[in-house]
Amino acid sequence: MFSGIDEVDWASMEHAYGPADDVPELLRGLASDDPAEREAALDGMYGAVHHQGDVYACTLACIPFLFELAVDPGLQDRGSVVELLTSIGGFDLDEDDEAEIDEDEIEGAANYAMAAAAVTAGAGVFFELIADEDPGVRLAAPLALATLHRHPVRVLALLRERLPVEPDEEVRLALVEAAGRVALRHRPLAGRVAEWLGRLASRAHSPGLRLAALAQLARCSPDGLPGDVVPVVSGLLREMRSPPEESAPEKDEPVDPDAEPADPEPVAAAETCRGEQVTTPTLVGQLRSLSAQENAGRGAPWAADLLRTLHVGLDDRVGDRTALLADQLRSPDRRQRIDAVRMSGGLIRAWRGPYEELVALVGGQLSDPEPRLAEAASHVLEELFGLAAPAADALAARLADRPGDWVKSWPSGPPGLGSTVKALARLGDVRALPALAAALELPQVAHDVGFAVGHLGAAAQPLAGALRGRLAEVELDEGAYDRASPLLAGLTGLRAGEATPEVLRVLRGAPDYRGEWLRTAALRALGSFGPAAREAVPELRALVRRPGTASATEAAEALWAISGDADAVLPVLIEGLQSHHVHDRRAAAVALGALGTRAAVVAPRLRGLLAHEELWLRVDAAIALWEVSGRSRETVEALLAGWERSRHVRVRVAECVARMGPVPEGSAAAHVLRSELASVRRHNAMDGGYGSHDIHEDEKLLALCRQALRGTGKGTTA
């Protein structure tokens, strides 16, 4: 084995962490008899040689040796090697990707193409591995074939032939998943695959296999799903929870091209599809350990993956997905409810819909004694802001019952509020006040307490004294920003003008380290206080004497809010509008807009920025132009252009259009707003990532669109 490995000039190549001269050792480690050594080698392959899916020259050089490992029946964990080969060779570079590649990416793209060609050229071995004695190899081989082999018709035929004789339930599910992958990669075969999946889903197979068939049918041909898919899936889940004797497999059926034989007795996947499990300090080892803990005691640990696949396939069928999750949340199986809570968060995060019942059911999990279930529910509710209202009482009850969870401490960094506290505060519910008051008494204030106070608004006024007192105690050293910023945020949210002396102390004594950030937070607080902060006027007048700086712009904005002295701030803001830094120009434009018609003289300058290359500056300038001139036509054109260019500016645009109102029926603005309201997909939904405020921002956008169309603003878009 590994003939010629020492003849490769590994030292001349690099991987993610430097020279690739350690790759031969990693390859030999994959063939070790020691499970821990194999795990460490696999971790090294994914961590360095195939880092985050990248393909380097050394990755290409590994491919022949990985094939040697995959076909050697004397080695352990060959399924992991097959999975690694599938990942290395399975990258699809379509025409759109090719068009976007720049010169710096050409080498990387060439490596991907060569890897795909090399692994695909050897993919014939996976035909033999699909019947390997090692169930872990059989588990990985179907997806490898579906992803890499050049002849999908042969692959599909083999998958169908193998299913009736495969004894392992998890491998059988992999065969079905691979068929779905074939259909997605080769659309002319989708109809044939869908027909087969439909038969599997409707006949007397195990509930797991039927669920897998429905999940893949949803992915590759959702129109082929039965009309009663929700009760069908719910019934399958109930069968999967039943004791074995209550859901015994059917007797064998004859084999023919259009019918599959009944299932053999399922074999526990954990016992057959993986060899000896070890705990290692590697990333791969930790992930496997976490997966094992998560699935401990589950009769069907793959059920959650099947349901997630089904939900992805159902896509915008929000009603069906909501009904299915509601049924799962009523399940007596806690693990199924944990999965449903997490999937509910994913659904609400990406799609708009009526979620009152679903949210109430998620809230019902907060009282469950299983800590993972209650914690998952509180984290989901934390992201919902106003949509969490149906769970408000459940949140308040958990808050009262578990004061030890009000603030969370971490090994490093400042403490933070517990998710239940944040969820209730984001609802504006006064029942969060005791927890926030307690957080303000701790030696180190939670970093997010100020934002929670801001959501409560005037209801949190009783906390103003504590915020002032803690701010007065802050030492103005290098740690001042971390300690003071939560307190300043809280005082800003309360508009607590009585705290002006404490805020001025911070403004005057901000240290060099993060001092600019701290001064910005202090100036925002003073500006929020308005005329109540009039004793800060001399300090602010001194700061605005340095025009063209960010601090001067921020001080001018605060000075205007406090004194209304346009003559003092206008020259400073005009200077800021000419800054070399886009961020400073944006800040100046926003501040000028706040002056309204008193800044009408800057309209030509703002108009000139409507063609600037920076989108956010164009949007801010357009809004300010309307605010200082009262003329909306050119502003609306610029705003709608920004709306189409980037979804990220839509809330800002909608805020302005709503203030303009009413939007004329039949106008371009009305069309854009109605199109947004008609979309089921949230405007900021992302595949593979999300932000903690995404739902809140999207719901805000919807509310602004409705407001603009109702014409409750003060101006006109005519």
Side-chain angles (χ1 to χ4, degrees), residues 1-91 107-108 110-119 122-123 125-126 129 134 136-137 139-141 143-144 147-148 273-294:
M1 178 173 286
F2 299 136
S3 175
I5 192 172
D6 294 325
E7 298 172 11
V8 178
D9 188 4
W10 299 102
S12 68
M13 307 176 196
E14 291 189 349
H15 52 49
Y17 297 105
D21 51 2
D22 58 342
V23 173
E25 182 182 354
L26 293 175
L27 289 169
R28 292 187 173 100
L30 293 175
S32 172
D33 292 332
D34 182 355
E37 188 175 346
R38 292 196 303 271
E39 194 80 84
L42 186 64
D43 186 75
M45 293 297 295
Y46 277 110
V49 181
H50 189 41
H51 177 72
Q52 296 183 353
D54 288 340
V55 174
Y56 309 91
C58 67
T59 319
L60 296 171
C62 285
I63 291 173
F65 304 111
L66 291 174
F67 270 112
E68 283 188 46
L69 291 166
V71 299
D72 188 334
L75 300 181
Q76 300 293 315
D77 289 339
R78 289 180 294 126
S80 297
V81 176
V82 174
E83 291 173 354
L84 179 58
L85 279 167
T86 305
S87 180
I88 291 173
F91 184 85
E107 181 180 354
N111 285 346
Y112 285 125
M114 287 188 286
V119 180
V125 302
F126 301 132
L129 297 182
D134 184 341
V137 174
L139 182 65
L143 197 59
T147 303
L148 301 166
C273 287
R274 291 287 180 196
E276 179 184 357
Q277 296 297 304
V278 294
T279 301
T280 67
T282 65
L283 178 60
V284 171
Q286 291 176 41
L287 290 174
R288 286 188 176 178
S289 176
L290 287 172
S291 178
Q293 293 175 30
E294 182 77 10

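All of these numbers come straight from a predicted model, not from anything done at the bench.
Separation of atoms CE (Met1) and CG (Leu75) is listed at 4.5 Å; rounding is to 0.5 Å. The distance from atom CG of Leu85 to atom CG of Leu148, rounded to the nearest 0.5 Å, is 8.0 Å. To the nearest 0.5 Å, atom CD1 of residue Ile5 and atom SG of residue Cys62 are 7.5 Å apart. With values rounded to the nearest 0.5 angstrom, Ser80 atom OG is found 11.5 Å from Asp43 atom CG. The CG atom of Asp33 lies 7.5 Å from the CZ atom of Arg38; values are rounded to the nearest 0.5 Å. Residue Met13 holds its CE atom at 9.5 Å from OG1 of Thr59, rounded to the nearest 0.5 Å.
Residue pairs satisfying the salt bridge (charged side-chain N to carboxylate O under 4.0 Å, His left out) criterion with at least one member in residues 53-76, sequence neighbours excluded, are absent. The stretch residues 10-20 participates, sequence neighbours left out, in these side chain to side chain donor-acceptor pair (under 3.5 Å) pairs: Asp9-Ser12, His15-Asp22.
Remark: Leu60 pairs with Val55, Ile63, Asn111, Met114, Ala115 by the side chain to side chain contact (heavy atoms under 4.5 Å, CB included) rule, at least two apart or across chains. Looking at residues two or more places apart in sequence or on another chain, you find no side-chain hydrogen bond (donor to acceptor under 3.5 Å, both in side chains) involving Thr86. Residues passing the ring pair (Phe, Tyr, Trp, His ring centres under 6.0 Å) test with Phe2, sequence neighbours excluded: none.
Here the closest non-hydrogen pair linking Val82 and Ala144 is CG1-CB, 3.9 Å. Here the closest non-hydrogen pair linking Gly79 and Val137 is N-CG2, 3.7 Å. Here the shortest heavy-atom pairing between Gly47 and Ala16 reads O-CB, 4.2 Å. Minimum heavy-atom separation, Leu84 to His50: CD1-CD2, 4.0 Å.
Looking at Val71 and Arg78, their side chains never come closer than 4.5 Å, going by heavy atoms from C-beta outward. The side-chain heavy atoms of Leu66 and Val119, taken from C-beta on, include no pair separated by under 4.5 Å.
Looking at Ser32, its side chain never comes within 3.5 Å of a backbone N or O of Gly29 through a donor-acceptor pair.
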